[in-house]
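Report on one structure; see the data block that follows.
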Amino acid sequence: MRILFVASECVPFAKAGGLGDVVGALPKALKLMGHDVRVLLPRYASIDASGFVRSPHPLGVPMGSGAAWCAVYEGQLPDSEVPIYLLEHDLAFGGGRIYGGEENTLWGGVKFGILSRGGFELARWLDWKPDVFHLHDWPSAWMAPMANEIEPEFADTATVFTIHNMAHQPKFPRETLAALGMSETYFRADGLEDFGMVNPFKGALYHSTMLTTVSPRYAHEIRTPAFGCGLDGVAEFRAADLVGVLNGIDDDVWDPEKDAFVPAHFNAEDLSGKAVCKAALEARFGLDPEPRSPLFGVVSRMTSQKGLDVIGDIVERLLATGSRFVILGSGDPAYEARFIGLSHVHRGRVGAHIGYDEGLAHLIEAGSDFFLMPSRFEPCGLNQFYSQRYGTLPIVHATGGLEDTVEHADPGKRTGTGYKMFALSSDALINTIRWAVDVYRHDPELHLAMQRQAMGKEMGWDIAARSYDAIYRWAVTKRRG
Ligand code: ADP
Ligand code: GLC
């Protein structure tokens, strides 16, 4: 099948969160299955295009009564034969950041509208008609209603909309429709209209041929008011076309046996290299070297989604168990200041690094004993996968993908790959941490058995790719009647 991914992030070129990991890895697994899969990504100023070829033929993306003229760079996803096209438009994508300031502005809508409309235009430009447009969250969501209204040439191309996070739903002024060459036909409650504004996410929920979420549990959760972010009714309405497919991880990048970012390698049979990584992690954060004291790690965007306030509340009680704590992340300045403050007060036992650091993220996954992820909601989550792969037992709130991907410790059966708490509170978190520390200290055989079970899990993208293959087929059949 011919599949075009249209997205705002793609590892290793542009990443703000897990969406970029998914778009950088899933196409490779689909390619290995024999699909003709390609990716369209904006060319942000931060992307080094040296491995790309700039086409001499410009691409005019129809906008309102005129066109947005773009340049196209052609390249490949690393270690694959997946073609990737970068769409260059200085005004839209030439700034320093992927997102920021879009909300409520006409220009914010137009910016990723150019990417979306560009998806159709690229297909024409290549003379290559996809069977499926695979869309990811609001930036490419515009394509679903566009495919049904203004692009009749693509009546046979199905749209599959993957929901990575319902919480990100910027809305735009009504005039955005005209600016993108759309009519007011779908400016209605069962379309793109949302309290007088235009909501592309809502439009994609109504207009995509099929919908997916990044975990099965999240597919159910978004149909409830607690998780639906105002669109639970629409998700419920489309429930028959909504499927949850668990994300995978890129085994080439996240593998303790060959990870280029860590000082020693290890596997489920021989974990001795993990102690070397722990010592390196302690040194990196200036912690006192204490090989027998449990080390808790966090790598996270610093937003309320991730439950960092709850972690902040229990750090002192965590230290009282004789454990230490390190965190890497950036985002909300209030969280950043709080963790930096804790690292100053508890020097030698708490480490905090504010920023984005790929290598340090790998070292935290490899060198910690436990990984904390008490997310309020989590559509899938990738770090709990990475930590399991590195024998770092995750302690999670049982929600969304965390519920689906972590096996709760069962001391009776001597099984489990982590610890779950079933309510989110500081008491629940510290009690779960105390239990984990207790097993670590007094039942090291169980801890080791859990590490081995976690490290042995199948997490590659090939499993998800098989599900998407079935969904694409279903979507194409549905679209073509
Ligand atoms: P989300 O997409 O909601 O942020 P995920 O767990 O799906 O959550 O994905 C987050 C991804 O971003 C992971 O690959 C994680 O390692 C990475 N990440 C988050 N913050 C940082 C950071 N400060 N430095 C390096 N990597 C980070
Ligand atoms: C979103 C979600 C995260 C998910 C990622 C990739 O950023 O917050 O849970 O893992 O998308 O699908």
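For ligands, and for the atoms within them, numbers begin at 1 and follow the listed sequence.
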Exercise for the section: Answer yes or no for Gly381: is there a heavy-atom contact with ligand 2 below 4.0 Å? Expected result: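 For ligand 2, residue contact (heavy atoms, under 4.0 Å) with Gly381 is present.
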Problem - Polar contact flag for Val22 and ligand 2 (N/O pairs, less than 3.5 Å) - result: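 There is no such contact.
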Under 4.0 Å to a heavy atom of [X] - the qualifying atoms of ligand 2, by number:
X      : result
Gly18  : 5 (C), 6 (C)
Pro379 : 2 (C), 8 (O), 9 (O)
Val214 : 12 (O)

Handout entry: Lys/Arg N to Asp/Glu carboxylate O, Asp369 vs Arg324, below 4.0 Å
Key =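 Between Arg324 and Asp369 there is no salt bridge, as every charged N stays at least 4.0 Å from the carboxylate O atoms.
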Problem - Residues Asp357 and Arg284 bridged, charged N to O under 4.0 Å - result: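 A salt bridge is present here (some side-chain N lies under 4.0 Å from a carboxylate O).
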Handout entry: atom 2 (C) of ligand 2 [closest protein heavy-atom partner, distance rounded to 0.1 Å]
Key =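 Nearest neighbour among protein heavy atoms for atom 2 (C) of ligand 2, to 0.1 Å: His164 O, 3.3 Å.
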Handout entry: Identity and separation of the nearest protein heavy atom to atom 3 (C) of ligand 2
Key =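 For atom 3 (C) of ligand 2, the nearest protein heavy atom comes out as Glu378 OE2, 3.4 Å.
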Using a cut-off of under 3.5 Å, which N/O atoms of ligand 1 pair up with protein N/O atoms, and what distance separates each pair?
residue  : atom   : partner : partner atom : Å
ligand 1 : 2 (O)  : Gly18   : N            : 2.6
ligand 1 : 3 (O)  : Arg301  : NH2          : 2.7
ligand 1 : 3 (O)  : Lys306  : NZ           : 2.8
ligand 1 : 4 (O)  : Arg301  : NE           : 2.6
ligand 1 : 6 (O)  : Leu382  : N            : 2.8
ligand 1 : 7 (O)  : Leu382  : N            : 3.4
ligand 1 : 8 (O)  : Lys306  : NZ           : 3.1
ligand 1 : 9 (O)  : Gly18   : N            : 3.3
ligand 1 : 14 (O) : Lys15   : NZ           : 2.9
ligand 1 : 14 (O) : Asp21   : OD2          : 3.0
ligand 1 : 16 (O) : Asn383  : OD1          : 3.1
ligand 1 : 23 (N) : Gly355  : O            : 2.8
ligand 1 : 24 (N) : Asp357  : N            : 3.0

Exercise for the section: Please work out whether any backbone atom (N, CA, C, O) or any side-chain heavy atom from C-beta onward of Asn165 is under 4.0 Å from ligand 2, and answer side chain, backbone, both or neither. Expected result: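 Just the side chain.
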Practice task
Have a look at ligand 2 and work out which part of Asp21, if any, has a heavy atom under 4.0 Å from it: side chain, backbone, both or neither.
Solution key: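 It is neither; nothing of Asp21 touches ligand 2.
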Problem - For Ala167 against Phe377, the heavy-atom pair lying closest together - result: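 It is CB-CZ, 3.7 Å.
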